[in-house]
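Convention: sequence-line order gives letters A, B, ...; per-chain numbering from 1. All heavy atoms count here, side chains included; hydrogens, waters and symmetry mates do not.
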Amino acid sequence: MIAQNIAFGILAASSVLAAIRMVTTKNVVHAALYLVVVLGSVAANYILLAAEFVAVVQLLVYIGAIVVLFLFGVMLTRAKLGHEGELDNDQRGLAAVTALLILGILGYVLVDYFGDDKLPQLNRTHEQLNATRGTGAVGNAIFSTYLIPFEVVSVLLLAALVGAIVLARRD
Amino acid sequence: MFAADPLFSTGIDFGVVLIALAKSIIGFLFVLIGVIFMIWFERKLIADFQNRIGPNRAGPWGMLQTLADGIKLIFKEDLRPDGSDSLVFRLAPYLSVVPAFLTFTIVPIGGIFTGAHQGTVHLFGHDTFLQVADPPIGVLFLLAMSSIGIYGAMLAGWASGSKYPLLGSVRASASMISYEAALGLSVVSVVLMSGSLTTHDIVAAQASGGSILDWNIVVTAFVPFVVFCIAATAELNRPPFDFAEAEQELVGGFHTEYSSMRFGMFYLAEFMNTITMSAIIVTLFLGGPSGPIGPGPDQVWPFFWFLLKLLVFLAAFVWVRGTVPRYRYDQLMDLGWKRLIPISLMWLLFIAGIRIGRDQNWSPVLVPLAAIGLGALTVGLLAGSMRTAAIRREQSDEDDLGEVSA
């Protein structure tokens with residue numbers, strides 16, 4: 001367990017540092033790269049939790065697709081090299097309020113649910129872990145228990161896609 | 001992690017760590033030596049295609065030419081343009097080499113998959129698979145690495161701070177993003193038929209019957225194989241889809257500004273990717289190291305079959321490069337989005353239908369027929385809608401002619 005704790009410490013520190021650099025850097029592409037570090041640390045945390053499928057999906061979707069599209073868009077539009085543009089706008093206060101709100105909600109949920117509980121030390125075997133957190137288990141959960149939320153999210157994404165096309169097309 | 005490799009099943013001691021380390025080093029050396037061979041092989045073969053002699057100075061038949069080039073590259077001056085972004089410029093070559101090698105770690109390069117062996121070999125008192133790692137997420141790792149490989153090309157072009165590299169990297173990343181979907185969809189067909197994500201189980205499923213008819217190329221009925229090969233070629237930015245570094249248009253593409261070993265690393269990554277992709281094709285579709293076991297030491301044969309299949313694909317890649325002219329940019333996008341993705345999506349549904357039909361004991365004749373009928377209907381609707389859109393666009397272009405060019 002000591003090794004896991006050390007690894008978690010390193011990952012947590014790197015993701016926090018990268019997150020701070022991401023919002024303070026003046027270069028859009030550097031900001032995107034710091035975001036990659038943050039997301040990568042989160043993926044590594046999932047691996048520490050033995051949730052490999054979630055980790056690799058994090059890699060595939062966030063690092064492999066979303067940030068790539070960010071960078072692609074930035075490169076196509078306005079990322080002049082050495083261009084230290086004004087990346088700030090006057091919505092700092094709003095952003096701070098939102099961040100604090102999310103922190104409050106998540107913190108409240110965690111404290112409310114776990115409180116002072118000591119989590120039991122589980123010494124589960126590889127098969128047991130696979131049965132609860134493996135790819136098969138995640139797939140089964142998504143397509144049986146959580147089918148309706150999953151479909152709703154899909155429709156939401158589709159709506160966003162159609163909306164983007166409608167906004168972007170000239171005719 | 002929780003690899004199913006029997007190496008880790010009895011707890012981890014010093015010997016296990018040593019074996020894991022040795023496997024990583026051997027895997028790395030395998031790819032490196034493969035690259036040295038592949039560069040020579042490609043130059044020699046291309047020379048034959050073009051009626052030239054090719055490299056013939058260093059070593060027998062010029063085989064040491066790559067080594068000589070590598071040494072030359074290491075000792076060259078390392079230039080960095082003034083206008084470049086120093087950190088990203090130095091980072092980019094590593095970002096393309098590392099994923100290229102990491103993908104190879106999931107390829108099983110040997111092991112007998114029939115009978116009691118189950119793909120394991122006995123080494124120094126431990127049973128282990130002949131692949132560096134066998135993560136439960138298996139082929140998803142391949143897709144993740146191929147999408148991370150985009151960063152190398154993308155950032156190299158941007159960080160160089162000049163226009164041809166930037167154009168090259170935009171082209172490279174656009175084609176890689178477009179073809180990733182087709183690549184993933186054709187992998188899913190394989191996963192559906194094999195019933196597992198791990199490369200070891202995929203090979204085991206293909207080797208179980210001991211005949212070519214169990215290979216995924218036959219089981220998934222060729223279409224995913226063809227789609228995967230085309231998408232892999234585009235993903236590798238190899239000819240005929242090499243417009244990312246089209247010399248006539250872009251000098252050298254995203255690595256124009258690179259020199260010395262940093263350029264060498266892009267070169268290395270390119271050939272590593274070619275070898276890895278061929279190895280992945282062999283693993284996913286052609287049964288990996290499975291094949292008949294001849295006389296002599298039996299563990300040598302799977303390795304031999306693997307190398308033979310790999311060599312066929314490497315030669316095929318060179319052959320395609322030597323014969324097919326380069327695609328135009330818009331043709332490539334058309335092929336990716338309007339042909340390959342619909343085809344592989346349709347084929348995926350087809351295979352899923354057959355799979356379900358087999359599980360539920362539906363009629364083995366009616367299910368494929370209904371699927372083909374539905375597929376034809378979908379293709380017809382899609383083609384119709386595309387034609388309608390094209391006609392409408394033409395009309396609207398005629399309406400505001402002079403304002404926007406077609």
Side-chain angles (χ1 to χ4, degrees), chain A residues 3 25 27-30 32-34 36-37 39-40 43-44 46-77 79-83 124-131 133-139 169-171, chain B residues 1-5 8-9 81-89 91-92 95 99 135-151 153-155 157-162 166-167 169-170 173-174 176-177 180-181 184 191 195-198 392-393 396-397 399-400 403-404:
Chain A
T25 183
N27 190 314
V28 201
V29 174
H30 287 183
L33 290 180
Y34 283 120
V36 170
V37 177
L39 296 170
Y46 288 139
I47 288 181
L48 269 187
L49 295 171
E52 284 175 316
F53 179 71
V54 187
V56 85
V57 168
Q58 170 94 358
L59 271 186
L60 261 173
V61 173
Y62 285 94
I63 299 181
I66 291 183
V67 179
V68 165
L69 285 183
F70 277 177
L71 279 174
F72 198 64
V74 165
M75 268 167 51
L76 279 181
T77 51
K80 294 219 171 55
L81 209 75
H83 174 74
R124 282 186 288 191
T125 60
H126 159 216
E127 280 75 25
Q128 285 167 325
L129 268 178
N130 250 346
R133 304 184 200 181
T135 313
V138 174
R169 273 189 75 99
R170 62 188 163 84
D171 50 10
Chain B
M1 273 174 283
F2 304 101
D5 196 330
F8 302 108
S9 61
D82 263 349
S84 65
D85 185 311
S86 72
L87 176 73
V88 181
F89 189 82
L91 185 69
L95 283 182
I137 43 174
V139 287
L140 286 182
F141 184 75
L142 154 79
L143 297 176
M145 283 305 125
S146 78
S147 55
I148 285 175
I150 299 177
Y151 279 94
M154 198 172 209
L155 293 175
W158 176 79
S160 298
S162 65
L166 186 67
L167 283 175
S169 72
V170 168
S173 34
M176 284 161 121
I177 293 169
E180 221 156 62
V191 172
S196 172
L197 282 173
T198 67
R392 285 231 183 114
R393 205 174 307 134
S396 77
D397 279 341
D399 290 346
D400 47 29
E403 191 184 336
V404 185

Trainee: Using heavy-atom distances under 4.5 Å, tell me whether A:L48 contacts chain B through its side chain, its backbone, both, or neither.
Mentor: neither
Trainee: B:V170: which residues meet the side-chain contact (heavy atoms from CB on, under 4.5 Å) condition with it, sequence neighbours left out?
Mentor: A:F72, A:M75, A:L76
Trainee: Given heavy-atom pairs under 4.5 angstrom as the criterion, report whether the side chain, backbone, both or neither of B:L143 touches chain A.
Mentor: both
Trainee: Between B:L155, B:L87, B:I148, B:L197, which shows the greatest number of heavy-atom pairs under 4.5 Å with chain A?
Mentor: B:L155
Trainee: Can you say whether B:L140 sits under 4.5 Å from chain A via the side chain, the backbone, both, or neither, judging by heavy atoms?
Mentor: both
Trainee: How long is the gap from CG on A:L60 to OG on B:S146, to the nearest 0.5 Å?
Mentor: 8.0 Å
Trainee: Restricting to non-hydrogen atoms, name the atom on A:V68 and the atom on B:M154 that form the minimum distance, rounded to 0.1 Å.
Mentor: O-CE, 3.3 Å
Trainee: Please determine whether side chain to side chain contact (heavy atoms under 4.5 Å, CB included) holds for the pair A:V29 and B:D85, giving the CA-CA distance in whole Å, both sets of side-chain angles, and the decisive distance to 0.1 Å.
Mentor: CA-CA 10 Å; A:V29 174; B:D85 185 311; over 6 Å; no
Trainee: What part of A:V57 lies closer than 4.5 angstrom to a heavy atom of chain B: side chain, backbone, both or neither?
Mentor: neither
Trainee: Between the main-chain N or O of A:I63 and the side-chain N or O of B:Y151, is there a donor-acceptor pair closer than 3.5 Å?
Mentor: yes
Trainee: Could you list the residues that satisfy side-chain hydrogen bond (donor to acceptor under 3.5 Å, both in side chains) with B:S147, not counting sequence neighbours?
Mentor: none
